[in-house]
Amino acid sequence: QNECNASAITTNFSSTLPDTQGIWHFENVDFEKFNSDRAVITVFDADASFINCRIQNNYGRRSGGVEVFPGAFAEIVNCVFADNQSIGNGTAIRCRGSVRLAESSITGNQAINDGIVKNGGGLYVDVEASCEVLSCAITGNAADIGGGVACFGTLSLCDTFICGNTGQLGGSDIRAGLDSNISVTYTNNMKAVYTENDPLGFYADD
């Protein structure tokens with residue numbers, strides 16, 4: 001088991017954090033100003049947890065934040081993903097395995113078109129991947145399609161605010177792939193779960 005408790009990891013030069021293998025725990029760590037040929041953080045063949053972390057102002061070709069590979073798991077709690085960029089799908093979180101995301105915010109992230117249409121400015125859930133999102137805010141992100149979220153696998157949204165994202169070619173807040181499985185629920189803590197640009201949702205009075 002590996003633990004990292006630090007105030008900040010900051011770099012102004014091209015760098016790639018090592019792939020995580022085994023069990024990793026990051027707490028109170030800031031990942032800032034990384035420039036990666038892959039994802040800024042790659043969870044590969046591992047269980048990883050990120051608690052009270054900030055992932056911001058990074059660039060990665062595949063993801064500007066966290067990429068979780070098939071067979072890997074990441075728990076992300078009370079984290080901030082802000083102002084990251086990538087030319088891949090899923091600028092903040094690219095989920096190809098399993099992710100639990102809770103009480104976190106994903107804001108101002110951008111998936112950049114480099115000649116190929118990009119999905120998921122905030123969160124991308126790949127085919128056969130699964131992601132649980134609880135009490136989060138996904139706002140102000142941008143991509144060609146699915147500015148906030150693009151899902152082609154299984155996605156569970158509970159008490160989550162998805163609003164004000166931009167999809168240049170459609171699906172500003174959420175893109176649902178043909179065979180995706182998306183559920184939206186709420187608890188008594190949340191009066192409504194909705195998307196702003198398309199008036200669909202679950203309301204407490206229904």
Student: Do R54 and E32 meet the salt-bridge criterion of a basic N to acidic O distance under 4.0 Å?
Tutor: no
Student: Between the main-chain N or O of C158 and the side-chain N or O of T160, is there a donor-acceptor pair closer than 3.5 Å?
Tutor: yes
Student: Do T91 and S86 have side-chain atoms, one donor and one acceptor, less than 3.5 Å apart?
Tutor: yes
Student: Measuring only between side-chain heavy atoms, which start at C-beta, is H25 closer than 4.5 Å to I51?
Tutor: yes
Student: Do N84 side-chain atoms and Y59 backbone N/O form a donor-acceptor pair below 3.5 Å?
Tutor: no
Student: May I have the step-by-step check of side-chain contact (heavy atoms from CB on, under 4.5 Å) for F69 and T42, ending in yes or no?
Tutor: CA-CA 8 Å; F69 268 64; T42 301; 3.5 Å; yes
Student: State whether the side chain of N58 and the backbone N or O of F34 hold a donor-acceptor pair below 3.5 Å, judged by distance alone.
Tutor: yes
Student: Return the orientation label for the F26 and W24 ring planes: parallel under 30°, perpendicular over 60°, tilted otherwise.
Tutor: parallel
Student: Please check: side-chain N/O of D159 versus main-chain N/O of T187, any donor-acceptor pairing under 3.5 Å?
Tutor: yes
Student: Distance-only, no hydrogens or angles: does the N141 side chain make a donor-acceptor pair with backbone N or O of G108 under 3.5 Å?
Tutor: yes
Student: Checking the side chain of N165 only, and the main-chain atoms of I138 only, is there a donor and an acceptor separated by less than 3.5 Å?
Tutor: yes
Student: Kindly say whether K118 contributes a backbone atom to a donor-acceptor pair with the side chain of D144 at under 3.5 angstrom?
Tutor: yes
Student: Answer yes or no: is there a side-chain heavy-atom contact under 4.5 Å between Q110 and T166?
Tutor: no
Student: Return the minimal non-hydrogen interatomic distance between R62 and R94, and the atom names on each side.
Tutor: O-NH1, 3.5 Å
Student: What do the steps show when you test V66 against V99 for side-chain contact (heavy atoms from CB on, under 4.5 Å), and what is the final call?
Tutor: CA-CA 10 Å; V66 177; V99 170; over 6 Å; no
Student: Any non-hydrogen side-chain atom of F152 less than 4.5 Å from a side-chain atom of R175?
Tutor: yes
Student: Would you confirm whether S104, through its side chain, and N78, through its main-chain N or O, come within 3.5 Å as a donor-acceptor pair?
Tutor: yes
Student: Tell me whether D83 contacts the main-chain N or O of N57 through its side chain, where contact means a donor paired with an acceptor under 3.5 Å.
Tutor: no
Student: Has T154 got a side-chain atom pairing as donor or acceptor with N181's backbone, closer than 3.5 angstrom?
Tutor: no
Student: Any side-chain heavy-atom pair from L155 and V133 closer than 4.5 angstrom?
Tutor: yes
